[in-house]
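Worksheet: one structure, shown below.
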Amino acid sequence: MRAGGSEAASRAGGRPVARVERALWDMETVISRILQLGVLVSAAVIAAGVAVWAITDTGGYPDGRFPTTPAGVLAGVAHLRALAIIQLGLVLLVLTPVFRVGASVLVFARERDRTFTVITSVVFALLLMSLLLGVME
């Protein structure tokens, strides 16, 4: 092993620094793409809902009523009701950071970073549980 200045001499967690930096760059790129895709898809769905509302001149529900359950939203989307489509876009926007945390779990697991895999797994599980508890109420 060469001493001083070589890649092998400066290691982080047993891996060469250049490899760790490359892995972090890859992780940031993946997470950034997930966030961008989630925002773009949700914006497109919301725009589609607004377009349906403009074309039909109605939200698709009687005044003051709208779907309040995931099944109701999906049923409304199937019937091309504007409010339901807009709600689906908002749900996708809310879920985007959840997908980001899920992707982080996979990236940290792939990098074999046990500490952050456990931490992000706990955060991901708490997010999923809170979403499920909110749906069940």
Side-chain angles (χ1 to χ4, degrees):
M1 175 188 291
R2 293 185 299 176
S6 73
E7 185 175 288
S10 55
R11 295 177 179 261
R15 295 178 290 174
V17 171
R19 185 173 174 203
V20 171
E21 289 176 356
R22 177 68 186 170
L24 288 173
W25 177 260
D26 290 345
M27 180 180 71
E28 293 296 327
T29 301
V30 167
I31 291 170
S32 173
R33 299 275 188 226
I34 288 171
L35 290 174
Q36 288 174 345
L37 184 65
V39 169
L40 289 175
V41 168
S42 64
V45 171
I46 291 170
V50 170
V52 169
W53 195 326
I55 291 169
T56 61
D57 199 26
T58 177
Y61 295 95
D63 288 337
R65 294 188 180 205
F66 51 88
T68 57
T69 63
V73 171
L74 293 177
V77 169
H79 290 97
L80 294 177
R81 293 183 174 157
L83 278 175
I85 296 170
I86 292 170
Q87 282 184 314
L88 177 64
L90 293 173
V91 168
L92 291 174
L93 187 61
V94 169
L95 289 178
T96 298
V98 177
F99 290 134
R100 181 239 189 263
V101 174
S104 295
V105 171
L106 297 176
V107 170
F108 285 130
R110 192 181 112 217
E111 293 299 319
R112 298 179 186 184
D113 188 334
R114 214 175 267 171
T115 302
F116 281 103
T117 301
V118 170
I119 291 169
T120 52
S121 294
V122 169
V123 170
F124 188 61
L126 291 172
L127 285 170
L128 291 178
M129 283 184 351
S130 68
L131 287 173
L132 291 174
L133 290 174
V135 168
M136 291 169 43
E137 285 190 15

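All values derive from a computational prediction rather than experimental measurement. Atoms considered below: every heavy atom in the structure, side chains included; atoms not considered: hydrogens, waters and symmetry mates.
- When the side-chain hydrogen bond (donor to acceptor under 3.5 Å, both in side chains) test is applied to Ser104, the partners found at least two apart in sequence or on another chain are Arg100.
- Residue pairs meeting the ring pair (Phe, Tyr, Trp, His ring centres under 6.0 Å) criterion with at least one member in residues 39-59, sequence neighbours excluded, do not occur.
- Grouping the Ile, Leu, Val, Met, Phe, Trp and Tyr side chains by contacts below 4.5 angstrom, directly or via other members, places Val123 with Leu95.
- Cluster annotation: Val118 is not connected to Val98 through the hydrophobic network of ILVMFWY side chains, with a link wherever side-chain heavy atoms come within less than 4.5 Å.
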Can you give the donor-acceptor pairs under 3.5 Å from side chains of residues 67-93 to other protein atoms, not counting sequence neighbours?
residue	atom	partner	partner atom	Å
Thr69	OG1	Gly72	N	3.0
His79	ND1	Ala75	O	2.8
Arg81	NE	Gly60	O	3.4
Gln87	NE2	Pro67	O	3.2

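- Residues satisfying the side chain to side chain contact (heavy atoms under 4.5 Å, CB included) criterion with Thr58, sequence neighbours excluded, are Thr56.
- Under the 4.5 Å side-chain heavy-atom criterion for grouping Ile, Leu, Val, Met, Phe, Trp and Tyr, Phe66 is connected to Val50 within one hydrophobic cluster.
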Side-chain donor-acceptor contacts of residues 29-46 below 3.5 Å, not counting sequence neighbours, with atom names and distances?
residue	atom	partner	partner atom	Å
Thr29	OG1	Trp25	O	2.8
Ser42	OG	Gly38	O	3.0
Ser42	OG	Val39	O	3.0

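- Applying the ring pair (Phe, Tyr, Trp, His ring centres under 6.0 Å) test to residues at least two apart or on different chains, the pairs with a partner in residues 95-131 are Phe108-Phe116.
- No single ILVMFWY cluster, assembled from side-chain heavy atoms under 4.5 Å apart, contains both Leu126 and Leu133.
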